[in-house]
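Residue numbers count from 1 along this sequence. Heavy-atom basis, side chains included; hydrogens, waters and symmetry copies ignored.
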Amino acid sequence: MGYENSISKVLGGIWMPIGSWVYYSDVFIESSGFVIATEFDLVWKLGESIEQAIEFSVTVSTKFDCIAVLKDGVEPWGPDLK
């Protein structure tokens, strides 16, 4: 892990690492309960609460939502981005 400072600069708040998801994504939670995953310098929303994040992680019942880019020149990718 090690994205905490980059995430705070881009999204604000204080982010704490809580684990990994899908092999290579680091998962973080903010004090409000908002949960994200970082992957290849992209930030993906998992949920606005830990409960939503767990449901999303298990069911992937909604589209992936790339909410930020941590590095200049990186383009968001993935299913149904627009």
Requested in this report: Tell me, please, which residues at least two apart from Glu51 pass side chain to side chain donor-acceptor pair (under 3.5 Å).
Outcome: Ser49
Residues in side chain to side chain contact (heavy atoms under 4.5 Å, CB included) contact with [X], at least two apart in sequence or another chain:
X     : answer
Ser31 : none
Ile50 : Ile18, Ile29, Val35, Ile54
Val10 : Ala68, Leu70
Ala37 : Trp21, Ser25, Val27, Leu46

Query - Heavy-atom closest pair, residues Ser8 and Trp15 - result: OG-CD1, 3.7 Å
Report task. Report the residues that fulfil salt bridge (charged side-chain N to carboxylate O under 4.0 Å, His left out) with Glu48, sequence neighbours left out, ordered by chain and then residue number. Result -> Lys45
Query - Exceeds 12 heavy-atom contacts within 6.0 angstrom, atom CD1 of Ile14 - result: no
Report task. Can you measure from CG (Leu42) to CD1 (Ile36) and round to the nearest 0.5 angstrom? Result -> 11.5 Å
Query raised in the report: Given the rule in the side chain to side chain contact (heavy atoms under 4.5 Å, CB included) test, do Thr38 and Phe28 qualify, once you have shown the distances and angles that lead to the verdict?
Result: CA-CA 8 Å; Thr38 58; Phe28 297 86; 3.6 Å; yes
